[in-house]
Protein chains: 4
Amino acid sequence: MNIQLEVVSMEQMSDKKRAIFKSTMELVRENGFHGTPMSMVAKHAGVAAGTIYHYFESKEHLLRELFNYAQQQAVAVVERESTATIPFKECFFKLWTGLYTFYRDNQDLLRFFEQFVNSPYHTTMPPLAEDRFYTLLFAFFERGIQEGELKKVSPKILATLTHSSIISMAKMTASGRLHFDRKELQQIQQLLWDGIALDR
Amino acid sequence: MNIQLEVVSMEQMSDKKRAIFKSTMELVRENGFHGTPMSMVAKHAGVAAGTIYHYFESKEHLLRELFNYAQQQAVAVVERESTATIPFKECFFKLWTGLYTFYRDNQDLLRFFEQFVNSPYHTTMPPLAEDRFYTLLFAFFERGIQEGELKKVSPKILATLTHSSIISMAKMTASGRLHFDRKELQQIQQLLWDGIALDR
Amino acid sequence: MNIQLEVVSMEQMSDKKRAIFKSTMELVRENGFHGTPMSMVAKHAGVAAGTIYHYFESKEHLLRELFNYAQQQAVAVVERESTATIPFKECFFKLWTGLYTFYRDNQDLLRFFEQFVNSPYHTTMPPLAEDRFYTLLFAFFERGIQEGELKKVSPKILATLTHSSIISMAKMTASGRLHFDRKELQQIQQLLWDGIALDR
Amino acid sequence: MNIQLEVVSMEQMSDKKRAIFKSTMELVRENGFHGTPMSMVAKHAGVAAGTIYHYFESKEHLLRELFNYAQQQAVAVVERESTATIPFKECFFKLWTGLYTFYRDNQDLLRFFEQFVNSPYHTTMPPLAEDRFYTLLFAFFERGIQEGELKKVSPKILATLTHSSIISMAKMTASGRLHFDRKELQQIQQLLWDGIALDR
DNA sequence: AATGAATGAGAATTCATTCAT
DNA sequence: CATGAATGAATTCTCATTCAT
């Protein structure tokens with residue numbers, strides 16, 4: 001089963017399915033997986049418990065599909081930001097900002113993501129190579145290396161470092177522990193760039 | 001309630017309590033919080049279900065205490081590595097390697113950590129300032145700034161960036177997706193250092 | 001929260017709820033509160049354990065609602081017997097007999113009542129003034145005093161004395177220790193009447 | 001097993017046993033039988049859980065013995081008050097007041113009594129004839145009949161009526177719902193006397 | 001498609017009782 | 001005698017899932 005195949009865009013989705021997704025994301029954010037019974041999702045989404053089972057085989061399927069759906073959105077951001085026909089450095093900053101903004105503005109999603117990724121559900125997920133999100137990121141950093149902009153380090157490392165910096169900053173903001181203004185954000189990106197860029 | 005106060009060192013701990021901690025960590029790694037019933041912990045730890053409740057008020061308390069205990073171990077690493085009387089740069093590499101090695105070699109703990117931090121349990125935890133782990137990290141980076149080794153950026157940012165890089169690399173290793181040799185690890189640390197170090 | 005408001009008549013009640021009430025009353029009679037696990041109620045009522053929790057929030061709620069329901073039935077008897085447009089004395093005998101018969105013929109209820117009233121559940125019940133059962137009784141005896149049939153004693157005392165005599169006789173009969181024929185019952189009522197009636 | 005034989009007077013009892021009895025009575029009053037685990041009794045009585053089992057075979061035995069012990073105290077009151085060599089009527093008032101005062105001043109005991117009597121424990125108790133408390137009461141009322149002071153009604157009825165009036169008044173006082181002054185108490189007794197006394 | 005009452009397996013927790021010290 | 005840690009059966013309650021309407 002290729003998870004990418006099940007993916008449906010927001011527009012094609014029925015109202016109920018969308019409501020179920022939305023409710024699940026919100027509720028899981030607040031209460032976690034186990035703090036979110038199907039009955040709670042049903043109530044919050046304004047549907048009957050049984051209705052959820054028309055759209056999703058089981059709770060696990062709901063969560064997996066929601067994860068795919070959420071990941072798709074992140075993929076869309078990467079696709080949009082990483083393929084601009086602009087100089088690589090500029091594109092790197094654009095990508096960092098784009099993803100950071102996406103996570104910051106979709107905290108339900110970020111939280112759900114983090115929970116899912118660290119849950120046993122995720123362990124049975126397809127391997128990295130098939131993961132479109134990372135595939136795109138890898139390609140992006142590969143390009144940077146090819147263009148002589150980045151140090152000759154495994155793109156996986158570069159991608160992981162960059163993404164983890166984005167996520168951790170977005171979480172920091174989300175937690176309310178720290179707030180960054182535009183200047184600070186640029187500073188952070190610059191730090192990272194200084195680290196990975198090839199000196200010339 | 002200061003979470004550090006409840007902490008008891010491994011040696012002072014009763015055998016049963018230690019066994020319960022150990023079993024919980026292992027089982028949660030594999031099955032997650034909700035995939036790990038108390039009965040399973042009991043069986044795995046070789047005690048009766050009721051016995052767990054002599055040591056811990058509830059499942060939530062067990063998990064919280066385990067988190068504190070785990071965090072303490074990480075704190076010990078930071079304490080050990082970040083206070084060496086050696087040049088800051090050297091100390092930075094030592095700290096990075098020390099923490100990375102710790103997480104890599106304690107994958108149960110790492111996994112448990114990540115699950116806990118992203119669970120609703122963690123939202124009700126004490127704020128960052130009281131967190132000894134981050135307090136130590138902040139102080140370390142503060143020192144780097146004072147000594148003119150690091151760029152003048154918020155220590156919180158430096159600490160977060162560094163720690164997230166360590167965690168993400170350890171998780172990458174854990175997942176088996178990627179393996180790093182000594183040289184690559186040094187490369188990664190160097191990247192980071194290049195980013196945060198003050199040019200001279 | 002006015003306990004009378006929650007009350008639902010037997011007819012409006014779902015079959016399952018009625019069966020649960022009935023089973024609880026019977027089983028509590030025989031085994032007491034703690035001798036009656038929810039699983040036993042479920043089995044006896046022919047429903048699944050979980051079903052009980054559709055109708056009642058918890059065991060405590062079940063018992064409280066059952067008490068209200070039982071009390072309501074006793075109230076109905078008092079209402080019926082105490083409001084007849086007949087001379088007060090006659091009405092007093094009618095009321096005594098009516099309540100006695102009710103308790104004698106509903107021993108499950110009587111037993112449940114006594115257990116509940118002497119349990120910690122009851123201590124958190126609404127005060128006497130809001131208790132429709134006693135309100136009715138008080139009014140009845142007030143009438144007796146007004147009409148010059150009864151001694152000028154607090155209606156609360158008269159009500160308590162009368163009701164305790166009814167209960168104790170019903171329990172005596174229930175225990176099988178003593179059986180009263182019609183003549184003896186009249187004798188007992190006469191005793192009480194002789195005590196409380198105003199001599200003329 | 002004759003329950004009277006196990007009875008031990010307060011003085012012969014070990015300190016621990018007395019403490020256990022006292023604690024049980026207090027705790028059961030507040031929390032009921034099931035709200036009072038042995039561990040709670042142990043803690044409250046200042047002994048180890050295991051110690052209770054040196055003195056009592058089981059929780060049920062503890063409760064039964066406590067009931068016997070409590071009943072003994074009530075028996076002592078009846079014995080004291082009902083055997084005075086004074087006119088019957090005077091003795092009746094003395095007995096009523098004595099028992100009422102006893103219950104009013106020993107509310108833990110009264111509450112425990114009522115709980116026990118209405119519990120399944122009591123159903124397996126020895127029959128009425130062997131019950132010293134009621135035996136004494138019956139004899140007392142028998143005497144009243146013999147002496148021509150009371151109507152010719154079964155002494156059981158007279159005893160039950162009288163005792164239930166005492167208990168219900170003591171409970172009323174205990175609940176705080178009603179308070180009686182000396183005059184009112186006399187009034188109540190007089191009512192009862194008027195009811196049961198033979199007109200002459 | 002939608003409903004939501006009903007199910008029942010499974011989870012957390014309690015507590016009377018035991019027994020090694 | 002006294003202790004209290006340990007036991008594990010029993011209990012309350014939850015919740016994913018089903019199915020008759």
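Note on naming: letters A, B, ... go to the chains in the order of the sequence lines (proteins, then strands), and numbering restarts at 1 for each one.
Within the 4.0 angstrom heavy-atom criterion, no nucleotide atom of any strand lies near B/Phe56.
Taking side-chain N and O atoms only, C/Lys16 has a distance below 4.0 Å to OP1 or OP2 of E/dT7. Residue D/Tyr55 places at least one side-chain N or O under 4.0 Å from the OP1 or OP2 atom of F/dA2.
Taking atom NZ of residue C/Lys43 and atom P of nucleotide E/dG8, one finds them 13 Å apart after rounding to whole Å. A straight line from CD1 of D/Ile20 to P of F/dC1 spans 12 Å, rounded to a whole angstrom. In this entry the distance linking CD1 of C/Ile52 with P of E/dA9 reads 15 Å, nearest Å.
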Letter by letter from the 5' end, nucleotides 13-21 of chain E scores (B base, S sugar-phosphate only, - none; protein heavy atoms under 4.0 Å) BBSSBB---

**Study point:** side chain to side chain contact (heavy atoms under 4.5 Å, CB included) between D/Tyr69 and D/Gln73, intermediate numbers included
**Key:** CA-CA 7 Å; D/Tyr69 169 68; D/Gln73 293 185 264; 3.5 Å; yes

Run B/Lys59 and B/Ile52 through side chain to side chain contact (heavy atoms under 4.5 Å, CB included) and show every step you take. CA-CA 9 Å; B/Lys59 187 173 185 179; B/Ile52 302 182; over 6 Å; no

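Taking a pair to require two hydrogen-bonding distances under 3.5 Å in either a Watson-Crick or a G-U wobble arrangement, E/dA1 remains unpaired. In this structure, F/dT17 forms a base pair with E/dA6, meeting either the Watson-Crick or the G-U wobble geometry with both donor-acceptor distances under 3.5 Å.
Side-chain contact check for B/Ser119 and B/His122: no donor-acceptor pair (N or O, by modelled atom type) lies under 3.5 Å.
Taking the six-membered ring for Trp, C/Phe33 and D/Phe33 have ring centres at least 6.0 Å apart. Checked against the 6.0 Å centroid threshold, C/Phe56 and C/Phe21 count as a close aromatic pair.
Side-chain contact check for C/Tyr55 versus C/Glu65: every heavy-atom pair is 4.5 Å or farther apart.
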